[in-house]
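Everything on this sheet refers to the single structure shown next.
Here is how names work: the chains are called A, B, and so on, in the same order as the sequence lines, proteins then strands, and each is numbered from 1. Atoms considered below: every heavy atom in the structure, side chains included; atoms not considered: hydrogens, waters and symmetry mates.
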Number of protein chains: 2
Amino acid sequence: MSRRKTDRRVLRTRRQLQESLMSLVLEKGYDAVTVEDITERADLGRTTFYLHYKDKDDLLLQSLETVYDDLVEQIQQRTVDEWVADGQGPWTLAFRHAADNARFYQIILSGQGGSVIKNRVQNYIAATAQRTISQLTQELGVTPSVPLEVLSHYIASSLLGLIAWWLQHDQPYTVAEMDAYFRQLAMQGTTQVIGIGL
Amino acid sequence: MSRRKTDRRVLRTRRQLQESLMSLVLEKGYDAVTVEDITERADLGRTTFYLHYKDKDDLLLQSLETVYDDLVEQIQQRTVDEWVADGQGPWTLAFRHAADNARFYQIILSGQGGSVIKNRVQNYIAATAQRTISQLTQELGVTPSVPLEVLSHYIASSLLGLIAWWLQHDQPYTVAEMDAYFRQLAMQGTTQVIGIGL
DNA sequence: TTATATTATGAACACCATGTTCGTAATTGT
DNA sequence: ACAATTACGAACATGGTGTTCATAATATAA
């Protein structure tokens, strides 16, 4: 007993299902993919799918969590001081990651993709942002004039919104440009960006 | 001949379908509503639905357009000077409109609601913002340091994102507070909001 | 290696929503 | 009143979902 998740079959099955979904999304879009499509490509019985996941959304969300583990590590490895020193922010990595998996996010973020997905990703970003900002303000001993939650969700939605727009228009600007634009908008505000004095 | 859309039956049918959808969404959510639900409540044959709309999304989108006509008029009736003079922006109306139809947008914007809906609304806001900003910069004779499209989509996504968060958390702040927060964030930027000098 | 528990299988099933067809009835504008 | 349009409803084909169950395959622990 107490043989938790060591069973090779389980790991193998889940990995195949995740890979199958990813590749199918790139070919047919998200909505068009059926559970049977997935299991067929994975060389598994359709019944097996429901042995591991509740539905298609469930599979995608768990897959994304796996994917994000890399990103989270990258972000958390750098200290706040380093971000400030670089004059960059965690969003640089976000733009890069999005560009690397452009076709995938183009579909997922289009809204065509699963219904709840985009919101989940946004909440994830917001939570990360909140942690970072909270840490930053404590180190500097300052107090934001806007509730932390409002602040973090503002950043998360604008960042994800820009990324979605950027990808859907086939990246009309480089990663560096988008990073610069976002930095100006988020940090200095639209007033200065537009060119109005104060 | 040339009796375009004057037929009472057509107008009556479409109005009933729209009203039925709206009320059903408030009761069951968006996904849970079926075409039969709609036609049943509207006292119409299911076949009739397909005589007017392609599917559920089609009906919702056309309904929203109707709803937005009011909002657009309100916004366009005020000149840029008036907005600047007030120290407000069109977003004030957006927060108010959202609050007035809170339960509806709570569902629609949750992502649970139709897949493409949220994106459409966002694009609509972005387009409106772009028109407004374009007009503003021409009057003032300034040139933004960020492409207009980037700017407008930044504003649109952050505004809609904040509204969505605000509604999903049952409006933890007043309209006035949210308006003030958004104004600070959008215009002055996060740097000043957080409390970092420059 | 053997025993036992776990997992994969595939056929079958019930279910439900979708979108279309077609002949008929009702209503409308002229 | 007449011709055109629209609403009707029953029927049908389609297709995906999620579940059940008996059976086979496979992994783990002893």
Side-chain angles (χ1 to χ4, degrees), chain A residues 1-25 27-63 107 111-117, chain B residues 1-25 27-63 107 111-117:
Chain A
M1 58 189 76
S2 86
R3 153 180 24 150
R4 292 282 155 162
K5 291 183 178 178
T6 44
D7 199 316
R8 304 171 191 167
R9 289 172 295 180
V10 175
L11 299 175
R12 176 176 163 277
T13 296
R14 296 190 180 168
R15 182 165 33 81
Q16 285 178 331
L17 288 175
Q18 290 187 6
E19 289 173 358
S20 298
L21 174 61
M22 293 296 185
S23 69
L24 279 167
V25 164
E27 295 172 13
K28 311 175 59 173
Y30 183 76
D31 288 339
V33 176
T34 70
V35 173
E36 189 167 16
D37 287 337
I38 301 171
T39 55
E40 184 186 357
R41 170 156 309 190
D43 262 313
L44 294 168
R46 194 167 68 91
T47 315
T48 309
F49 178 92
Y50 296 101
L51 233 50
H52 297 274
Y53 302 101
K54 188 191 167 206
D55 50 32
K56 219 173 51 174
D57 280 13
D58 190 24
L59 170 58
L60 178 56
L61 284 174
Q62 291 199 33
S63 302
I107 295 168
Q112 293 282 2
S115 37
V116 211
I117 310 298
Chain B
M1 58 191 75
S2 87
R3 150 179 27 147
R4 292 283 156 161
K5 291 183 178 178
T6 44
D7 200 315
R8 303 172 191 169
R9 289 172 296 180
V10 175
L11 299 175
R12 176 176 161 279
T13 295
R14 294 189 180 169
R15 182 165 33 81
Q16 285 177 331
L17 288 176
Q18 291 189 4
E19 289 173 358
S20 298
L21 174 62
M22 293 295 185
S23 67
L24 279 168
V25 165
E27 296 172 13
K28 312 174 58 174
Y30 183 76
D31 289 337
V33 176
T34 70
V35 174
E36 190 168 14
D37 288 337
I38 301 171
T39 54
E40 184 185 356
R41 169 156 309 188
D43 263 314
L44 294 169
R46 195 167 66 89
T47 315
T48 309
F49 178 92
Y50 296 102
L51 234 50
H52 298 273
Y53 302 101
K54 189 190 165 206
D55 51 32
K56 219 172 51 174
D57 280 12
D58 190 25
L59 171 57
L60 177 57
L61 284 173
Q62 291 199 31
S63 303
I107 295 168
Q112 293 282 359
S115 36
V116 211
I117 309 297

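Comparing C:dA17, C:dT6, C:dT28 by their nearest atom to the side chain of A:Asp7 picks out C:dT6. Closest to the side chain of A:Asp55, from the set D:dT5, C:dG19, D:dG18, is D:dG18.
Atom C1' of nucleotide D:dG16 and atom CD of A:Glu40 are separated by 14 Å, given to the nearest angstrom. In this structure, the CD1 atom of A:Ile38 is 14 Å from the C1' atom of D:dG18, given to the nearest Å. Following rounding to the nearest Å, B:Arg12 (CZ) and D:dT5 (C1') show an atom-to-atom distance of 15 Å. Regarding A:Leu17, its CG atom lies at a distance of 15 Å from the P atom of C:dT7, rounded to whole Å. Whole-Å rounding puts the B:Arg8 CZ to C:dT28 P distance at 6 Å. Look at CD on A:Glu36: it is 14 Å from P on C:dT9, rounded to the nearest Å. To the nearest angstrom, C1' of C:dT6 lies 13 Å from CG of A:Leu11.
In this structure, the separation between OG1 on B:Thr39 and CD on B:Gln16 is 11.0 Å, given to the nearest 0.5 Å. If you take CZ on B:Arg9 and CG on B:Leu11, they are separated by 11.0 Å, rounding to the nearest 0.5 Å. Between the CD1 atom in A:Ile107 and the CG atom in A:Asp31 there is a gap of 10.5 Å [rounded to 0.5 Å]. Summarising the geometry, atom OH belonging to B:Tyr30 is positioned 6.5 Å from atom CG belonging to B:Leu21; distances are rounded to the nearest 0.5 Å.
Using a 4.0 Å cut-off on heavy atoms, the residues of residues 42-52 of chain A that approach DNA chain D are A:Arg46, A:Thr47, A:Tyr50, listed by number.
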Open item on the list: Using the rule given for side chain to side chain contact (heavy atoms under 4.5 Å, CB included), can you reason through B:Arg12 versus B:Arg15, listing the C-alpha separation, both sets of side-chain angles and the distance that settles it, and then say yes or no?
Closed with: CA-CA 5 Å; B:Arg12 176 176 161 279; B:Arg15 182 165 33 81; 4.1 Å; yes
- [ ] Go through the steps to decide whether A:Tyr53 and A:Val35 satisfy the test side chain to side chain contact (heavy atoms under 4.5 Å, CB included), and finish with yes or no.
- [x] CA-CA 10 Å; A:Tyr53 302 101; A:Val35 173; over 6 Å; no
Open item on the list: For A:Val10 and A:Arg14: C-alpha separation, side-chain torsions, deciding distance, then whether side chain to side chain contact (heavy atoms under 4.5 Å, CB included) applies.
Closed with: CA-CA 6 Å; A:Val10 175; A:Arg14 296 190 180 168; 3.6 Å; yes
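No option in B:Gln18, B:His52, B:Met22 other than B:Gln18 meets the side-chain contact (heavy atoms from CB on, under 4.5 Å) test with B:Leu59.
B:Lys56 places no side-chain N or O within 3.5 Å of a backbone atom of B:Ile38 that could act as its donor or acceptor partner.
Proximity of A:Thr13 to the phosphate of C:dA8: a side-chain N or O atom is located under 4.0 Å from OP1 or OP2.
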Are there any protein N/O atoms within less than 3.5 Å of an N/O atom in nucleotides 23-27 of chain C, and if so, which ones and at what distance?
residue	atom	partner	partner atom	Å
C:dT27	O2	B:Arg9	NH1	3.1
C:dT27	O2	B:Arg9	NH2	3.4

